[in-house]
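For reference, the structure discussed in these notes is given below.
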Amino acid sequence: MSHPQQFLNPDLQIPDLRAEVISLLQQIPTGSISTFGSLARALGDIKAAKWIGTLLKHDPDRDFWPWHRIVMQNLQLPLTSGVVSSSQQELLHAEGVTIQSGRIDPITPIFDEFHSNKPLHKLQIQQRDISERILLTSEFKATKSVAGIDIAYPQPGIARAAYVEWNLVNSCFDYELAIETPIIFPYITGYLTYRELPAYMVLLKAVQAERNLAEILLVDGSGILHPRKCGIACHLGVLLNHPTIGVSKKILTGKVDLTNQESNEIPILDAQNKAMGIAMRKTKHNKLVYASPGHQFSLQKIPDLLNLCWFDHRLPEPIYLADKLSKQYK
DNA sequence: GCGACAG
DNA sequence: ATCTTGTCGC
């Protein structure tokens, strides 16, 4: 098993978010409390609040840090399987914080002056920077090969990344490869790149050791259909300088035009009513999938390309096969 | 009750 | 994404 870090492009700097949270927690004085939201804002994005919740609840080493000083915005204690954790109550009580029926006494000081280098804010800046380097034009006239890539998690902390190449000339499977690698960065909405891109880099290096990459990569995730127009397909495409398209089963951002329900190809509009992606299905009986350009590929050409390799499943065949291969470990 | 929502 | 058995619908 190779470590992802050694292959990383310097354009992809990945912070240790867990260590950042621990250092923020240690800034909260004894006898004070803070909230999931203010900790998340100190990391640089309120969207990290949910992950902080799972970290403080499940990290095996949490008793080495003051996890108990974090409560909900309404001063209620978070629930553990439906009940307030008695250990959190005891730990707070030992620090002089009083609790009545699961709620912190309102006179308790609330700490919100975190010193932080806002790692998620820095990642947003990276994303905006990458976003400006995206090309939305297609070079190919007749594409001969397309590959799907996807990741599964055989156990926590381990990613299994799969590559399946599809031959568009003979309309058949051509080649497959899967690798496993450790994964550290958590899943936080809008930052999937920082969780999964290192594993994809290991995978694609391994493919390149044997053959050229397929002309176009279908990535399980978003392209420009992203709050900063920089989904994982964009980031991968720009770092590799290779054409990519993002294909996801759920929509991350944007609006599907609901007056178009009969169509199998519905544009997805951003807040400025600009088409950033397309909701598609093979037939009316299928659920929609959401596609958007990653790099070096135009939105207009996406339907024709996907239809060339889309058969009996909800997803286009290369990405369906990559999904299946990534899960073949039991 | 409403909004968020990639993996 | 993952945890998970049988069950319902085509």
Side-chain angles (χ1 to χ4, degrees), chain A residues 4 14 17 36-37 40 45-55 57-58 73-74 81 120 123-124 127 130-131 148-162 178 180-201 203 217-237 244-256 258 268-271 276-280 282-294 312-316 319-320 322-330:
Chain A
I14 301 185
L17 283 193
F36 293 97
D45 196 329
I46 185 68
K47 290 202 184 322
K50 279 178 200 154
W51 166 67
I52 292 172
T54 57
L55 178 74
K57 188 169 165 181
H58 291 122
Q73 194 176 29
N74 61 11
S81 18
L120 291 179
L123 297 187
Q124 291 194 19
Q127 289 179 325
I130 292 285
S131 168
I149 57 177
D150 190 19
I151 288 179
Y153 299 90
Q155 52 186 278
I158 302 292
R160 184 176 153 93
E180 290 190 10
T181 175
I183 203 157
I184 338 98
F185 198 89
Y187 173 70
I188 298 171
T189 299
Y191 303 88
L192 180 63
T193 289
Y194 299 96
R195 178 167 174 76
E196 296 195 335
L197 200 51
Y200 281 140
M201 289 301 193
L203 173 71
L217 300 177
L218 305 183
V219 187
D220 192 348
S222 287
I224 60 173
L225 207 59
H226 178 277
R228 293 169 288 282
K229 303 193 193 317
C230 191
I232 187 167
C234 302
H235 219 124
L236 180 63
T244 57
I245 297 168
V247 180
S248 65
K249 293 175 285 300
K250 292 181 191 164
I251 190 165
L252 170 61
T253 184
K255 283 210 161 192
V256 180
L258 293 176
I268 305 169
L269 308 176
D270 70 6
M276 301 302 289
I278 185 152
M280 293 181 66
K282 185 61 187 172
T283 74
K284 294 206 171 22
H285 307 295
N286 287 311
K287 286 174 76 172
L288 292 166
V289 302
Y290 306 91
S292 57
D312 294 335
H313 306 284
R314 181 188 173 195
L315 288 166
I319 206 153
Y320 165 78
D323 176 86
K324 217 167 62 150
L325 177 61
S326 73
K327 290 171 178 155
Q328 281 171 10
Y329 42 74
K330 280 174 184 170

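On a predicted model such as this, the values are computed, not experimentally measured, just so you know. Letters A, B, ... mirror the listed sequences (proteins, then strands); counts begin at 1.
Formation of a donor-acceptor pair under 3.5 Å by the Thr244(A) side chain with backbone atoms of Ala233(A) is found in this model.
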Distance-only check: which donor-acceptor pairs under 3.5 Å involve side-chain atoms of residues 221-232 of chain A, not counting sequence neighbours?
from      : atom 1 : to        : atom 2 : distance (Å)
Ser222(A) : OG     : Leu225(A) : O      : 3.2
His226(A) : ND1    : Arg228(A) : N      : 2.9
His226(A) : ND1    : Cys230(A) : N      : 3.3
His226(A) : NE2    : Gly190(A) : O      : 3.0
Arg228(A) : NE     : Gln127(A) : OE1    : 2.5
Arg228(A) : NH2    : Gln127(A) : OE1    : 2.9
Arg228(A) : NH2    : Gly190(A) : O      : 3.3

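Taken together, the pairs of DNA chain C form no segment extending over three or more consecutive Watson-Crick or G-U pairs closer than 3.5 Å at both contacts.
In this structure, the side chain to side chain contact (heavy atoms under 4.5 Å, CB included) partners of Ala152(A), at least two apart in sequence or on a different chain, are Ser326(A), Lys327(A), Tyr329(A). In this structure, Arg195(A) has no salt bridge (Lys or Arg N to Asp or Glu O under 4.0 Å) partners at least two apart in sequence or on a different chain. In this view, Asp45(A) satisfies the salt bridge (Lys or Arg N to Asp or Glu O under 4.0 Å) rule with no residue, not counting sequence neighbours. Judged as a salt bridge (Lys or Arg N to Asp or Glu O under 4.0 Å), and not counting sequence neighbours, Lys50(A) has no contacts. Applying the side chain to side chain contact (heavy atoms under 4.5 Å, CB included) test to Lys287(A) and every residue at least two apart in sequence or in another chain returns Arg314(A). In this view, Tyr320(A) and His313(A) satisfy the ring pair (Phe, Tyr, Trp, His ring centres under 6.0 Å) rule, not counting sequence neighbours. Considering only residues two or more places apart in sequence or on other chains, Asn74(A) meets the side chain to side chain contact (heavy atoms under 4.5 Å, CB included) condition with Met72(A), Gln76(A).
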Checking Gln124(A) against Tyr191(A) for the side chain to side chain contact (heavy atoms under 4.5 Å, CB included) test, could you report, in this order, the C-alpha distance in whole Å, the side-chain angles of both residues, the deciding distance, and whether it holds?
CA-CA 9 Å; Gln124(A) 291 194 19; Tyr191(A) 303 88; 2.9 Å; yes
Kindly indicate, with the supporting measurements, whether the criterion side chain to side chain contact (heavy atoms under 4.5 Å, CB included) is fulfilled by Met276(A) and Ile268(A).
CA-CA 6 Å; Met276(A) 301 302 289; Ile268(A) 305 169; 5.9 Å; no
After noting the C-alpha distance and the side-chain angles of Tyr290(A) and Leu252(A), does the key distance pass the side chain to side chain contact (heavy atoms under 4.5 Å, CB included) rule?
CA-CA 9 Å; Tyr290(A) 306 91; Leu252(A) 170 61; over 6 Å; no
Mark up nucleotides 5-10 of chain C, 5' to 3', with B wherever a protein heavy atom is under 4.0 angstrom from a base atom, S wherever such an atom reaches only the sugar-phosphate, and - elsewhere.
------
For each nucleotide in nucleotides 2-7 of chain B, reading 5' to 3', give B when a protein heavy atom comes within less than 4.0 Å of its base, S when such contact involves only the sugar-phosphate, and - otherwise.
--SSBB
Strand DNA chain B in bracket notation, Watson-Crick/G-U under 3.5 Å with | for pairs to another chain
.......
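Spacing between atom CD1 of Ile158(A) and atom C1' of dT2(C) amounts to 15 Å, rounded to whole angstrom units. Note: CD (Gln155(A)) to P (dT2(C)) measures 12 Å, nearest angstrom.
At a threshold of 4.0 Å, the pair Asp220(A)-Lys249(A) counts as salt-bridged, since one of the basic side-chain nitrogens sits closer than that to a carboxylate oxygen.
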